[in-house]
Trainee: 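The structure's right below; bear with me while I get my questions together.
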Amino acid sequence: MRLITWNINSLRLRLPLLQKLVEEENPDIVCLQETKVPDPLFPAEALTALGLPHQLYRGMKGYNGVAILSRLPLTSVANTPNWCSREDCRHIAASIETPGGPVLLHDFYVPAGGDIPDPEENEKFAHKLAFVEEASAWFSETPPARSIVVGDLNIAPLEHDVWSHRQLLKIVSHTPPETERLNAWMATGFQDAMRRITPEPSKLYTWWSYRNKDWKKSDRGRRLDHVWMTPDLMPGLRDIRIRRDVRDWESPSDHVPVVLDFDPA
């Protein structure tokens, strides 16, 4: 089974890029974040034409938004939390039938957190910390099994998930309050599948700022996009690839797709 996760940064704007990606990778499932499209305007027909007829999505105008697109039937998971009581379309979950039994797939878009890493001075940062705390508490109370978490979690937790650990320790996305909370969330029952394939100290990035005119030369990246799997699925992990080349496509997202190959049996 092949799964792609990608913060597409506007689905309608980058639909041609998604089409190209699907043609190249032939995925079974695509998880998107930051779709930025309200549900009534979701391009369902165009995505069905790409061979992804099974679709779950939550969106709003101009911000956030998540979607799971699939060649395989999806069953929506009901009763997921309204994180931080915001109704801001940052999580969607689906159950997928496989020969080994159902797999529960969570697609998350964690708040970015603004620029000031102080929850008292910056409400956006406080929201981010609260969101991750709530997610950790929920998964602790609902222990995961045969589950996968993917998405833009907006935190680079490890030293080699950023271009400079020392310089970014006080920069939002790599501060200790964020990384400690993200690690606590993962410890509720998940393992870092990306680092199973590419262990530290190898550098691993999925995001490069638009501010870098020559992103490839400076390579000041961060691993903000993640794939976590429960231990019962890890034996089926085959490969994970980061499509760095997509960052050079015309009008790209600042994130690149992550491609997961696994056997869910």
Side-chain angles (χ1 to χ4, degrees), residues 2-27 29-37 43 46-47 50 52 62-69 107-113 115 149-165 167-168 171-174 178 182 192-195 197-228 239-261:
R2 175 163 291 172
L3 182 152
I4 295 175
T5 178
W6 188 18
N7 178 323
I8 197 169
N9 192 10
S10 178
L11 172 56
R12 287 181 293 175
L13 178 63
R14 295 189 169 85
L15 190 57
L17 302 190
L18 180 59
Q19 178 178 354
K20 182 179 179 182
L21 181 67
V22 168
E23 289 172 352
E24 291 183 359
E25 293 288 353
N26 192 29
I29 304 167
V30 177
C31 295
L32 300 176
Q33 305 87 42
E34 215 170 350
T35 54
K36 297 182 177 179
V37 55
L47 296 169
L50 294 184
L52 300 166
Y63 298 95
N64 307 341
V66 286
I68 300 176
L69 318 172
D107 182 12
F108 274 97
Y109 176 48
V110 170
D115 296 325
V149 165
V150 301
D152 177 6
L153 305 187
N154 260 316
I155 300 171
L158 302 178
E159 179 177 348
H160 297 100
D161 289 341
V162 294
W163 64 271
S164 173
H165 173 63
Q167 294 184 65
L168 270 67
I171 301 299
V172 172
S173 77
H174 192 60
E178 296 168 273
L182 191 74
D192 187 343
M194 293 176 72
R195 282 301 185 183
I197 297 295
T198 308
E200 285 207 295
S202 296
K203 292 286 191 180
L204 205 58
Y205 310 145
T206 64
W207 173 91
W208 293 262
S209 174
Y210 286 131
R211 298 173 186 173
N212 294 332
K213 292 184 179 180
D214 190 340
W215 73 272
K216 193 178 296 182
K217 182 178 181 180
S218 63
D219 201 23
R220 294 190 171 190
R222 308 177 201 178
R223 181 172 70 120
L224 303 181
D225 305 88
H226 295 266
V227 177
W228 298 349
D239 193 22
I240 293 181
R241 293 175 289 111
I242 296 174
R243 288 289 307 264
R244 285 176 60 109
D245 61 301
V246 175
R247 189 63 175 79
D248 271 335
W249 289 1
E250 186 176 354
S251 300
S253 170
D254 45 359
H255 296 253
V256 296
V258 179
V259 183
L260 163 67
D261 290 328

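We number each residue from 1, following the sequence as shown.
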Trainee: Let me see the working for Val150 and Leu3 under side chain to side chain contact (heavy atoms under 4.5 Å, CB included), right down to the final yes or no.
Mentor: CA-CA 10 Å; Val150 301; Leu3 182 152; 4.0 Å; yes

Trainee: I need the Trp207 CH2 to Arg222 CZ distance, nearest 0.5 Å.
Mentor: 4.0 Å

Trainee: Counting neighbours of NZ on Lys203 that are heavy atoms of other residues, nucleotides or ligands and sit closer than 6.0 Å, is the number greater than 12?
Mentor: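 It does: Lys203 NZ has more than 12 such atoms within range.
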
Trainee: I'd like to know if Arg211 pairs up with Asp254 as an ion pair, taking the criterion as any Lys NZ or Arg NE/NH1/NH2 lying under 4.0 Å from an Asp or Glu carboxylate oxygen.
Mentor: no

Trainee: Quick one: which of Asp192, Thr198, Thr206 gives a side chain to side chain donor-acceptor pair (under 3.5 Å) with Arg223?
Mentor: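 Of the listed options, the one satisfying the test is Asp192.
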
Trainee: Could you give the distance from CZ (Arg12) to OG1 (Thr35), rounded to the nearest 0.5 Å?
Mentor: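 The distance works out to 9.5 Å.
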
Trainee: Do the non-hydrogen side-chain atoms of Leu224 and Tyr205 ever get within less than 4.5 Å of each other?
Mentor: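 Side-chain contact under 4.5 Å: no.
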
Trainee: Quick one, Arg244 with Trp208, criterion side chain to side chain contact (heavy atoms under 4.5 Å, CB included). Give me CA distance, side-chain angles, the key distance, then yes/no.
Mentor: CA-CA 10 Å; Arg244 285 176 60 109; Trp208 293 262; 3.3 Å; yes

Trainee: Mind checking side chain to side chain contact (heavy atoms under 4.5 Å, CB included) for Leu17 and listing every partner two or more places apart, or none if nothing turns up?
Mentor: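 Counting only residues at least two positions away or on another chain, Leu17 forms a side chain to side chain contact (heavy atoms under 4.5 Å, CB included) with Trp6, Arg14, Trp249.
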
Trainee: Glu178 side chain to Ser173 main-chain N or O, any donor-acceptor pair under 3.5 Å?
Mentor: yes

Trainee: Ignoring hydrogens, what is the shortest heavy-atom contact between Leu13 and Pro16? Give both atom names and the distance.
Mentor: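 Taking every non-hydrogen atom into account, O-CD, 3.9 Å.
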
Trainee: Which value, rounded to the nearest 0.5 Å, describes the distance between Leu32 atom CG and Asn9 atom CG?
Mentor: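 Between atom CG of Leu32 and atom CG of Asn9 there are 11.5 Å.
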
Trainee: Over all heavy atoms of both residues, which pair between His174 and Ala156 is shortest? Give the atoms and the distance, please.
Mentor: ND1-O, 2.6 Å

Trainee: Have a look at Pro27 and tell me which of Ile4, Leu50, Leu260 forms a side-chain contact (heavy atoms from CB on, under 4.5 Å) with it.
Mentor: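 One option only clears the test, and that one is Ile4.
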
Trainee: I would like to know whether Leu168 and Trp163 meet side chain to side chain contact (heavy atoms under 4.5 Å, CB included); could you show each step before the answer?
Mentor: CA-CA 8 Å; Leu168 270 67; Trp163 64 271; 3.5 Å; yes

Trainee: Determine the minimum heavy-atom distance between Asn26 and Arg2, stating which atoms define it.
Mentor: O-CD, 4.4 Å

Trainee: Any chance you could measure Glu34, atom CD, to Asn7, atom CG, to the nearest 0.5 Å?
Mentor: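 One gets 4.5 Å once the value is rounded to the nearest 0.5 Å.
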
Trainee: Return the set of residues passing salt bridge (charged side-chain N to carboxylate O under 4.0 Å, His left out) with Lys20 (not counting sequence neighbours), or none when no residue passes.
Mentor: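 For Lys20 there are no salt bridge (charged side-chain N to carboxylate O under 4.0 Å, His left out) partners, ignoring immediate neighbours.
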
Trainee: Below 4.5 Å, heavy atoms only, C-beta onward: do Asp115 and Val172 meet side chain to side chain?
Mentor: no

Trainee: State, with a plain yes or no, whether a side-chain heavy atom of Asp152 is found less than 4.5 Å away from one of Val110.
Mentor: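 No, side chains not in contact.
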
Trainee: Quick check for you: to the nearest 0.5 Å, what is the distance between Leu182 atom CG and Leu153 atom CG?
Mentor: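 Reported value, rounded in 0.5 Å steps: 6.0 Å.
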
Trainee: So Val256 and Asp225, do their side chains get closer than 4.5 Å, heavy atoms only?
Mentor: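 Asp225 vs Val256: side chains apart.
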
Trainee: Can you find a pair of side-chain heavy atoms, one from Val258 and one from Arg243, that are under 4.5 Å apart?
Mentor: no

Trainee: Would you call Val22 and Leu52 a side-chain contact if the rule is heavy atoms closer than 4.5 Å?
Mentor: yes

Trainee: So do the side chains of Arg195 and Leu158 get within less than 4.5 Å of each other, counting heavy atoms only?
Mentor: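 Yes, side chains in contact.
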
Trainee: Locate the shortest heavy-atom distance separating Arg247 from Ser253; write the atom from each residue and the value.
Mentor: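 What the structure gives for the nearest pair is CD-O, 3.4 Å.
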
Trainee: Quick one: does any side-chain atom of Arg220 pair with a main-chain N or O of Trp215 as donor and acceptor, under 3.5 Å?
Mentor: no

Trainee: Under the side chain to side chain contact (heavy atoms under 4.5 Å, CB included) test, which residues partner Asp239, sequence neighbours left out?
Mentor: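 Ile197, Arg241, Asp261.
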
Trainee: Nearest 0.5 Å please: distance from the SG atom of Cys31 over to the CD1 atom of Ile8.
Mentor: 12.5 Å

Trainee: Could you check whether any side-chain heavy atom of Glu200 comes within less than 4.5 Å of a side-chain heavy atom of Glu159, counting everything from C-beta outward?
Mentor: yes

Trainee: Within a 6.0 Å radius of atom CG on Asp248, are there more than 12 heavy atoms belonging to other residues, nucleotides or ligands?
Mentor: yes

